[in-house]
Q: 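This is the structure I want to talk about, given as structure tokens.
Keep in mind that the numbers below use all heavy atoms, side chains included, and drop hydrogens, waters and symmetry copies. Throughout, a chain's letter reflects where its sequence line sits, starting with A, and its residues are numbered from 1.
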Amino acid sequence: MPELPEVETIVQGLRRRLLGRRFTGVQVFWPGALHQVSPEFFRQQVAGRQVLDVARRAKFLVLTLSDGLYMLIHLRMTGQLLLCPALPEERKHIHVAFALDDGTWLYFRDVRKFGRIYWVDDCVEVLGCLGPEPLSDDLSLEAFRARLGSRRGMIKPLLLDQRFLAGLGNIYADEALFQAGLDPRRRVEALDEDEVGRLYEAIRAVLRQGIANGGTTLDDYRDAEGQTGRNQESLAVFRRAEEPCPRCGTIIQRLVVGGRGTFICSNCQR
DNA sequence: AAGAGACCCTGGATGC
DNA sequence: TGCATCCAGGGTCTCT
């Protein structure tokens with residue numbers, strides 16, 4: 001599942017190949033991938049437009065196109081954006097394909113069809129409710145503490161709430177809580193100063209490591225060139241139920257917290 | 001405001 | 001072997 005580090009890796013790959021390119025055509029194989037626009041309108045809008053910037057906000061890819069228009073893409077669970085020299089014969093799960101002016105293709109593939117492509121003239125329409133970027137300089141420890149201060153409830157569901165903090169998903173939330181030594185069921189209002197500091201540092205550390213490792217491939221994640229990430233080798237607890245904790249050897253457990261599969265070391269995380 | 005549950009969707013796993 | 005059922009999982013929405 002692409003989270004912040006995976007989307008960042010895809011963005012870096014797309015940026016190299018898309019900046020300055022022009023879309024010459026679009027094929028929509030499944031209209032449901034487009035958020036609130038018809039395939040006809042989308043095709044007509046995208047064709048001829050140039051890519052001025054490729055960036056990331058939370059788990060969204062943000063393509064700035066000519067004439068002040070934006071294409072935003074959320075990959076959700078199984079979405080992929082792939083660059084290739086030609087449109088593959090095997091079209092299964094490919095929902096939208098973009099032809100580029102150098103003859104190559106960019107296509108959107110998504111087995112579970114949860115991913116969406118948004119077409120807007122103002123990003124606020126889609127990104128307006130998102131919380132701060134965890135790796136931004138603007139999110140100091142003091143700012144993080146202040147945001148936590150007004151909240152109550154279990155810590156893990158809060159970390160997954162994109163309005164509170166934007167970009168964490170199930171993998172990096174579990175890894176950050178492990179690294180901070182915190183049980184995901186702990187109440188936010190009961191965390192002491194030291195614990196909040198550990199959590200802040202852990203969130204940033206696991207995300208930075210994820211980016212440095214080119215993302216985590218457990219199932220479907222691939223970068224824009226189709227390559228897997230390497231961060232799965234560095235995971236301490238996520239999807240490691242019944243394996244020993246890398247820190248203390250205690251067997252890692254799987255729980256359900258806030259409706260999400262959650263992996264913890266009950267000895268290291270209190 | 002928190003928390004639970006439904007929904008979207010499919011492949012893979014499990015059960016009989 | 002084959003068919004039915006269950007489940008994961010991000011985000012959004014509804015209900016309590």
Side-chain angles (χ1 to χ4, degrees), chain A residues 1-10 29-36 56-62 72-81 90-96 108-118 120 123-131 133-134 146-177 183-191 203 206-207 210 215-222 229 232 235 237-242 252-264:
Chain A
M1 340 132 211
E3 304 179 24
L4 187 157
E6 289 71 37
V7 178
E8 182 63 33
T9 304
I10 293 168
F29 303 109
W30 181 60
L34 307 177
H35 181 81
Q36 293 178 358
R56 179 191 61 74
R57 172 74 173 104
K59 304 177 198 173
F60 286 86
L61 290 105
V62 181
L72 308 183
I73 303 169
H74 198 301
L75 300 169
R76 295 280 180 98
M77 303 287 305
T78 55
Q80 300 174 329
L81 277 172
E90 175 56 64
R91 296 257 179 89
K92 203 173 181 188
H93 306 310
I94 295 178
H95 306 314
V96 183
F108 170 65
R109 185 175 177 272
D110 187 6
V111 172
R112 290 197 187 157
K113 295 184 168 179
F114 283 4
R116 290 293 180 269
I117 300 176
Y118 303 79
V120 293
C123 290
V124 171
E125 291 174 38
V126 180
L127 309 177
C129 292
L130 292 172
E133 285 288 324
R147 285 187 80 75
L148 272 179
S150 59
R151 307 295 290 256
R152 5 186 76 247
M154 290 187 290
I155 183 62
K156 179 173 172 182
L158 185 60
L159 295 181
L160 295 177
D161 184 343
Q162 302 297 298
R163 293 165 300 185
F164 173 71
L165 196 60
L168 278 181
N170 216 22
I171 300 172
Y172 295 95
D174 276 9
E175 291 296 311
L177 287 163
D183 188 302
R185 297 162 292 189
R186 283 283 300 281
R187 313 286 304 183
V188 176
E189 61 272 27
L191 296 179
I203 289 168
V206 298
L207 292 175
T216 301
T217 299
L218 290 169
D219 301 299
D220 302 88
Y221 166 69
R222 300 290 185 279
Q232 57 280 8
L235 299 181
V237 289
F238 191 78
R239 290 237 198 133
R240 293 200 186 279
E242 308 306 321
I252 294 164
Q253 300 173 29
R254 181 183 184 278
L255 321 166
V256 175
V257 178
R260 297 287 175 223
T262 299
F263 299 85
I264 67 160

Q: Can you tell which of A:R254, A:K156, A:R260, A:R240 makes a salt bridge (Lys or Arg N to Asp or Glu O under 4.0 Å) with A:D174?
A: A:K156
Q: A:R56: which residues meet the side chain to side chain contact (heavy atoms under 4.5 Å, CB included) condition with it, sequence neighbours left out?
A: A:L4, A:V7, A:E8, A:V11, A:E133
Q: What heavy-atom pair brings A:A33 and A:F108 nearest, and what distance separates the two atoms?
A: CB-CE2, 3.9 Å
Q: Just jot down the ring-ring contact (aromatic ring centres under 6.0 Å, His included) partners of A:H74, sequence neighbours excluded, or say none.
A: A:F60
Q: Please work out if A:M1 contacts a base, only the sugar-phosphate, or nothing of the nucleic acid, heavy-atom cut-off 4.0 Å.
A: sugar-phosphate
Q: Base, sugar-phosphate alone, or nothing: which one does A:R116 contact when heavy atoms must sit under 4.0 Å apart?
A: nothing
Q: Quick one: side chains of residues 111-118 of chain A, donor-acceptor pairs under 3.5 Å with protein atoms, not counting sequence neighbours, listed by atom name and distance.
A:
from	atom 1	to	atom 2	distance (Å)
A:R116	NE	A:G32	O	3.4
A:R116	NH1	A:K113	O	3.1

Q: With heavy atoms of chain A within less than 4.0 Å as the criterion, where does contact along DNA chain B begin and end?
A: B:dA2 to B:dG11
Q: List in chain and number order the residues that pass salt bridge (charged side-chain N to carboxylate O under 4.0 Å, His left out) with A:R151, two or more places apart in sequence or in another chain; answer none if no residue qualifies.
A: A:D161
Q: Looking at residues at least two apart in the chain, or sitting in another chain, which of them share a salt bridge (charged side-chain N to carboxylate O under 4.0 Å, His left out) with A:E189?
A: A:R152, A:R187
Q: If the condition is side chain to side chain contact (heavy atoms under 4.5 Å, CB included), which residues does A:D219 pass it with, not counting sequence neighbours?
A: A:R239
Q: Sequence neighbours excluded, which residues qualify as side chain to side chain contact (heavy atoms under 4.5 Å, CB included) partners of A:R185?
A: A:M154, A:D183, A:L255, A:V257, A:I264
Q: Mind running a 4.0 Å heavy-atom check of residues 154-163 of chain A against DNA chain B and sending the residues that fall below it, in number order?
A: A:M154
Q: Would you say A:T78 and A:Y221 are linked by a side-chain donor-acceptor pair, where the criterion is simply a distance under 3.5 Å?
A: no
Q: If we ignore angles and hydrogens, is there a donor and acceptor under 3.5 Å between the side chains of A:R222 and A:Q80?
A: no
Q: Of all nucleotides in DNA chain C that come within under 4.0 Å of a heavy atom of chain A, which is furthest toward the 5' end and which toward the 3' end?
A: C:dA8 to C:dG11
Q: Classify A:R260 by what it touches in the nucleic acid, base, sugar-phosphate, or nothing, heavy-atom distance under 4.0 Å.
A: base
Q: What verdict does the side-chain contact (heavy atoms from CB on, under 4.5 Å) test give for A:K59 and A:L75, after you've listed the backbone C-alpha separation in whole Å, the side-chain angles of each residue and the deciding distance to 0.1 Å?
A: CA-CA 8 Å; A:K59 304 177 198 173; A:L75 300 169; over 6 Å; no
Q: Could you tell me, to 10°, how much the axis swings from one end of the helix from B:dA2-C:dT16 to B:dC16-C:dG2 to the other, five pairs per end?
A: 60°
Q: State which residues pass ring-ring contact (aromatic ring centres under 6.0 Å, His included) with A:F238; sequence neighbours excluded, sorted by chain then number.
A: A:F263
